[in-house]
Q: 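Below is a structure I'd like to ask you about.
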Amino acid sequence: MVILVTGGMGFIGSAVVRRLLATTDATVVNIDRLTYAASPDSLGPWLRHPRHLHLRADICDPAAIRAAFAQHRPAAVMHLAAESHVDRSIDGPAEFIRTNVVGTQVLLEAAREHWMALDGAARAAFRFHHVSTDEVFGSLESRDATPFCEHTRYDPRSPYSASKAASDHLVRAWQHTYGFPSFVSNTTNNYGPWQFPEKLIPLVALNALEGKPLPVYGDGSNIRDWIHVEDHAEALVLALQRGQPGATYCLGPRQERTNLEVVQAICATLDRLRPDPAGPRARLITFVKDRPGHDFRYAMDPSGAERALGWKAKRDFEAGLDETLRWYLANEAWWRPIRARHYAGQRLGTAAA
Ligand SMILES: NC(=O)c1ccc[n+]([C@@H]2O[C@H](COP(=O)([O-])OP(=O)(O)OC[C@H]3O[C@@H](n4cnc5c(N)ncnc54)[C@H](O)[C@@H]3O)[C@@H](O)[C@H]2O)c1
């Protein structure tokens, strides 16, 4: 059986590809354009495995995507390719609309054409799984507001979340209008190994190791619900196997932390794992001007998805963070060239200021 994964060289996509190859006998066709965020190294030995095939293609290119469906005839699609960094969406929204909205439409059309040509059992079993974010639900404005769930109204507030919301709507429209067997999962902030060092946890950790300032937006009170990428990948593969057309799966770990708590935990963990002769790293915490339009709190009630999928996030945040920071300490060979050549930790997302 062939599973077509998009964005399988990215942070979450690579965890999904590793898991599919390790736990199923599927062949994975991995469509990834290899943007700045891609890391083929994240697939390790699976990169050259006979059941893994990388196609360097743009999901916005209808001819390339239709050809991939015609040649590989997938039994299912897992769609993760996206522009994914909120700060970059503030500086340059056009690329987010192109990949996240137009790319999803191109993929849906190619997948629908392929699905319509299937017959019998293959057609009934076909699934299109669209991977999305909790950010489409907007911002919870207090600590005790009810967490998001499958029934929460959409209220995206950044160019990134608006582009993801648009793509979610397209996926549901294809299901409703054409009976196309698609479903959506929405998940909280991910962390773990191989995350590109523009995102909060690796950015702060690597700055801390280099003795650089640790930027905290505003007063650091914004709250996120942190899921380990391997817990997320497990849920995504289960959703592919058990997911029902038209469904929404809200995935989360119930591990809310303020940004300041996360940064302090990173400092304390690194101080323990690799003490800094200059003193505790919390001295490097620097409060910087807030992100424009910064959402206050995201939190998910995952109970519906837990029941439907027979899944629960396993890792507690501090244990997962310890494991993640040990990985960054052991894998300088991966992140040093990225920091030197592609992204040195400079402030992004200031265009609206
Ligand atoms: N990172 C998170 O915390 C988080 C949380 C919830 C949902 N999500 C969603 O999960 C998905 C994966 O996120 P991620 O953090 O792994 O992203 P990422 O930025 O690490 O990886 C995205 C991958 O998509 C590829 N890609 C980008 N544009 C493409 C195009 N036009 N054609 C083909 N490939 C293209 C890139 O090369 C890269 O490998 C995204 O859809 C994102 O919105 C992410």
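As the structure is a computational prediction, the values presented were derived from the model and not from experiment. Both ligands and their constituent atoms are indexed starting at 1 by order of listing.
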Q: Under 3.5 Å, side chain of Asn186 to main-chain N/O of Val136, donor-acceptor pair present?
A: no
Q: I want to know whether Tyr298 and Phe137 have ring centres closer than 6.0 Å.
A: no
Q: Using distance alone, decide if ligand 1 has a nitrogen or oxygen within less than 3.5 Å of any nitrogen or oxygen in Lys164.
A: yes
Q: Under 4.0 Å, counting heavy atoms only: does Tyr160 come that close to any atom of ligand 1?
A: yes
Q: May I ask you to check whether Glu198 and Tyr36 show a side-chain donor-acceptor distance below 3.5 Å?
A: yes
Q: Is the closest heavy-atom distance from Ser132 to ligand 1 below 4.0 Å?
A: yes
Q: Do me a favour and list the nearest non-hydrogen protein atom to atom 38 (C) of ligand 1 with residue, atom name and distance?
A: Asp32 OD2, 3.5 Å
Q: So, is the end of the Arg291 side chain (NZ or CZ) under 6.0 Å from the ring centre of Tyr217 and within 45° of the ring's axis?
A: no
Q: Return a yes/no value for Ile12: is any of its N or O atoms, backbone included, closer than 3.5 angstrom to an N or O of ligand 1?
A: yes
Q: Ring-plane angle category for Tyr191 and Trp226, please: parallel below 30°, perpendicular beyond 60°, tilted otherwise.
A: perpendicular
Q: Only heavy atoms count here, so choose which of Thr35, Val102, Val106, Thr6 is nearest to atom 36 (C) of ligand 1.
A: Thr35
Q: Considering only non-hydrogen protein atoms, determine which one is nearest to atom 28 (N) of ligand 1 and report residue, atom name and distance to 0.1 Å.
A: Thr99 CG2, 3.5 Å
Q: Between Asn190 and ligand 1, does any nitrogen or oxygen pair lie at a separation below 3.5 Å?
A: yes
Q: Mark up the atoms of ligand 1 that fall under 4.0 Å of a heavy atom belonging to Leu34, in ascending order.
A: 37 (O)
Q: Distance to 0.1 Å, residue and atom name: give those for the protein heavy atom nearest to atom 6 (C) of ligand 1.
A: Thr187 O, 3.2 Å
Q: At what distance is the nearest protein heavy atom to atom 34 (N) of ligand 1, and which residue and atom is it?
A: Arg33 N, 3.0 Å
Q: Testing the 3.5 Å rule here: is there a donor-acceptor pair between the side chains of Ser84 and Lys164?
A: no
Q: Check each atom of ligand 1 against the heavy atoms of Val131 and keep those under 4.0 Å away; list them by number with element.
A: 10 (O), 41 (O)
Q: Below 4.0 angstrom from a heavy atom of Leu80, which ligand 1 atoms are there? Numbered from 1 as shown, please.
A: 11 (C), 12 (C), 40 (C), 41 (O)
Q: Do the side chain of Arg297 and the main chain of Ala145 share a donor and acceptor less than 3.5 angstrom apart?
A: yes
Q: In terms of residue, atom name and distance, what is the protein heavy atom nearest to atom 22 (C) of ligand 1?
A: Ala82 O, 3.5 Å
Q: Regarding atom 21 (O) of ligand 1: of the candidates Ser42, Gly10, Gly7, which has the closest heavy atom?
A: Gly10
Q: Would the distance check show the side chain of Glu234 and the main-chain N or O of Lys312 forming a donor-acceptor pair, the cut-off being under 3.5 Å?
A: no
Q: Based purely on interatomic distance, does Glu83 place a nitrogen or oxygen under 3.5 Å from a nitrogen or oxygen of ligand 1?
A: no
Q: Between Glu150 and Thr152, is any side-chain donor less than 3.5 angstrom from a side-chain acceptor?
A: no
Q: Quick check on Arg48: does its CZ atom have over 12 non-hydrogen neighbours (other residues, nucleotides or ligands) under 6.0 Å away?
A: no
Q: With heavy-atom distances below 4.0 Å as the criterion, list the atoms of ligand 1 near Ser84.
A: 15 (O), 17 (O), 18 (P), 19 (O)
Q: Take atom CZ of Arg73 as the centre, draw a 6.0 Å sphere, and report whether it contains more than 12 heavy atoms from other residues, nucleotides or ligands.
A: no
Q: Any idea which atoms of ligand 1 are less than 4.0 Å away from a heavy-atom of Ala37?
A: 19 (O)
Q: Give a yes-or-no answer on whether the side chains of Asp225 and Thr188 include a donor-acceptor pair shorter than 3.5 Å.
A: no
Q: Phe11 versus ligand 1: do any nitrogen or oxygen atoms come within less than 3.5 Å of each other?
A: yes
Q: With a 4.0 Å cut-off on heavy atoms, is Ala57 touching ligand 1?
A: yes
Q: Taking 4.0 angstrom as the limit and counting only heavy atoms of Asp58, give me the atoms of ligand 1 inside it, by number and element.
A: 30 (C), 31 (N), 32 (N)
Q: Report yes or no: do Ser303 and Asp301 form a side-chain donor-acceptor pair below 3.5 Å?
A: yes
Q: What protein heavy atom sits nearest atom 32 (N) of ligand 1, and how far off is it?
A: Ile59 N, 3.0 Å
Q: Tell me if the aromatic rings of Phe183 and His130 count as close, with their centers under 6.0 Å from one another.
A: no
Q: Does ligand 1 have any atom that is closer than 4.0 Å to a heavy atom of Thr188?
A: yes
Q: Just jot down the ligand 1 atoms closer than 4.0 angstrom to any heavy atom of Asn189, in number order.
A: 3 (O)
